[in-house]
S.K.: 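One structure coming up, written as structure tokens, with questions to follow.
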There are 2 protein chains.
Amino acid sequence: MRVGREPVVQAGLKLLNTGGLEAVTLRAIAAELGVKAPTLYWRFKNKQDLVDDMATRVLVDWAEASHDGPATDTWQAWALGYGISLRNMLLRYRDGARMVSGSRLTDTRLYASMERALQRFQSHGIAPADAALCLTTVYSYVIGFTIEQQAVLSPQGERDPRYTLAERDALVDAERYPLSRSIGPEVFDNYDVRFERGLRLVVAGFETMLA
Amino acid sequence: MRVGREPVVQAGLKLLNTGGLEAVTLRAIAAELGVKAPTLYWRFKNKQDLVDDMATRVLVDWAEASHDGPATDTWQAWALGYGISLRNMLLRYRDGARMVSGSRLTDTRLYASMERALQRFQSHGIAPADAALCLTTVYSYVIGFTIEQQAVLSPQGERDPRYTLAERDALVDAERYPLSRSIGPEVFDNYDVRFERGLRLVVAGFETMLA
DNA sequence: TAGCGCCCCTAACACTGTTAGAGAGAACGC
DNA sequence: GCGTTCTCTCTAACAGTGTTAGGGGCGCTA
């Protein structure tokens, strides 16, 4: 029992951050632990099993850290924090959103966190079924938005050269598509404020739906 | 000039539908066209270049078919149709959402469609910057939601055995997590109505934000 | 001491995307 | 008509991937 599951997951996350999802290879993870690739099959059924664990670990960290932290008086503020902290956690890892979106989450600690979230909504008079709609909608939005962002921007803020604003301007004919061109920064930049605006959209929509 | 880009893209989409994203391999595509794999490099810089074209073609089909079709009197109805038709198009291909989310879109016909969308919003007195917020938020939501759905459900409606409701119930302790357990169908089923509810959330939120 | 189960190894298989380089055949300039 | 060049496809190969089969050392227990 020298090399358990946990060190393998940690090595995988380290590789994820340095080289992205393509760099997460069984041989590289094994090398990180001073071991050969087939050894990993002693702990994991296959690679997807390992990646599932990596994704789950990221979400468990999120759920146990920020998620339950500050008690807010309104469910709106709490829902906003839910989405914002989720995105922040995904952004801490390169390709974090892509990894989580393609993985299966198993750890029951996630259900504990979900349970507390539903309780919180219920204490504000919101039924679990409605709360679930709000949470899953926010979740989908965060995943979709963050995948898009991480395809363009690295965690250090450097931009994929194929996605620069100048590149886009060269492609979009200013005379035929003036409106599309004018919203360039609105589509390719200011991710933080754009994300929060969209998130507020969702929460506000849920609010009006309850009424 | 026997094998152009277009037949290659079509062969790729065919393989995508029969075997999912993992089945889209250069050798398989080439075989589909009665040709060997290296030939594809005459038309495409690399595999990602090819997949980008596949994703773009799916979105162009969507934009030119349903998107501009029926003239609706309210922008709300139009925005709903935007999201619904986008999801429907993604669902027509296995792993459609995953493929689109990871690809770069280049065809300028997409900008033409975007331009018409912005015009439509403008004719209702909505500034392009605001319209862009609405469109990108809906887009992110659709991508995130559909990725999640396609990870669980095949286009023919059959379910990945690891994601059955019974499997979930076995994992979620009914005594400790009663609320989480009660929303099982709300999280694992009824994708169509759940999607539309979430979409209405977003549109309603944009509506209240304008006021 | 004998056996057994845990852990890690080497070797190999069937794939993948990708490149180098050769050759068939049409198109072009002289 | 001839030679050259360009377009397209091929074979062969490389480095790398996930994964499996099977061997062997080490420590525990009977």
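Just so it is clear, the model here is predicted, and its values are computed rather than measured. A note on names: the letters A, B, ... follow the listed sequences, proteins ahead of strands, and every chain is numbered from 1.
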S.K.: Does the gap between the ring centers of A:W75 and A:Y82 come in under 6.0 Å?
M.R.: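 Ring centroids of A:W75 and A:Y82 are no less than 6.0 Å from each other.
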S.K.: Looking at CD of B:Q119 and OH of A:Y177, how far apart are the two atoms once the value is rounded to the nearest 0.5 Å?
M.R.: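 Separation between the atoms: 10.5 Å.
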S.K.: Without decimals, in angstroms, what is the distance between B:F44 CZ and C:dT19 C1'?
M.R.: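 Going from B:F44 (CZ) to C:dT19 (C1'), I get 18 Å.
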S.K.: In whole Å, I'd like the distance from the CG atom of A:L40 to the C1' atom of C:dC8.
M.R.: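 That distance rounds to 11 Å.
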S.K.: B:R43 CZ to D:dT9 P: how many Å, rounded?
M.R.: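 B:R43 atom CZ is separated from D:dT9 atom P by 6 Å.
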S.K.: Between A:Q149 and A:R87, is any side-chain donor less than 3.5 angstrom from a side-chain acceptor?
M.R.: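 Judged by distance alone, the side chains do pair up.
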S.K.: The side chain of B:R27 is closest to which nucleotide in this list: C:dG17, D:dC10, C:dC7?
M.R.: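 Within the option list, the nearest is C:dG17.
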S.K.: For C:dC8, does OP1 or OP2 lie under 4.0 Å from any side-chain N or O of A:W42?
M.R.: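 For C:dC8, OP1/OP2 do not have a side-chain N/O of A:W42 under 4.0 Å.
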S.K.: Please report, rounded to the nearest Å, how far the C1' atom of C:dT18 is from the NZ atom of B:K47.
M.R.: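 Value for this atom pair: 12 Å.
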S.K.: Check the pair B:R162, A:R104 against side-chain contact (heavy atoms from CB on, under 4.5 Å), reporting the backbone distance first and the verdict last.
M.R.: CA-CA 9 Å; B:R162 301 175 317 170; A:R104 186 178 126 92; 3.6 Å; yes
S.K.: Going through the distances and angles, do B:S103 and B:T56 end up as a side-chain contact (heavy atoms from CB on, under 4.5 Å)?
M.R.: CA-CA 8 Å; B:S103 300; B:T56 303; over 6 Å; no
S.K.: Would you tabulate the pairs of protein nitrogen or oxygen atoms and nucleotide nitrogen or oxygen atoms of nucleotides 20-27 of chain C closer than 3.5 angstrom?
M.R.:
none

S.K.: For D:dC10 and B:T39 - does any side-chain N or O of the residue sit under 4.0 Å from the phosphate oxygens OP1/OP2?
M.R.: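 Yes, B:T39 has a side-chain N/O under 4.0 Å of OP1/OP2 on D:dC10.
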S.K.: Over how many whole Å does the gap from B:Y41 atom OH to C:dT16 atom P extend?
M.R.: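 Answer to the nearest Å: 12 Å.
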S.K.: Mind telling me whether B:F145 and B:Y191 have parallel, tilted or perpendicular rings, with 30° and 60° as the class edges?
M.R.: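 It falls in the perpendicular class, over 60°.
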S.K.: What closest approach, in Å, do B:Y163 and B:R159 show between heavy atoms, and which atom pair accounts for it?
M.R.: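 Nearest heavy atoms, B:Y163 then B:R159: O-NH1, 3.2 Å.
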S.K.: When you check the phosphate oxygens OP1 and OP2 of D:dT9, does a side-chain N or O of B:K36 lie under 4.0 Å from one of them?
M.R.: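 No, B:K36 has no side-chain N/O under 4.0 Å of OP1/OP2 on D:dT9.
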S.K.: Considering only D:dG18, C:dC7, C:dG17, which nucleotide approaches the side chain of B:L26 most closely?
M.R.: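 The nucleotide sitting nearest to the side chain is C:dG17.
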S.K.: Could you identify which residues of residues 13-25 of chain B place a heavy atom less than 4.0 Å from some atom of DNA chain C, listed by residue number, or say none?
M.R.: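 Output list: B:V24, B:T25.
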S.K.: Going by the salt bridge (Lys or Arg N to Asp or Glu O under 4.0 Å) test, which pairs reach into residues 168-184 of chain A, not counting sequence neighbours?
M.R.: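 Residue pairs with at least one partner in residues 168-184 of chain A: there are none.
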S.K.: So which heavy atom on B:G83 is nearest to which on B:V138, and how close?
M.R.: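 For B:G83 and B:V138, the tightest heavy-atom pair comes out as CA-CG1, 3.9 Å.
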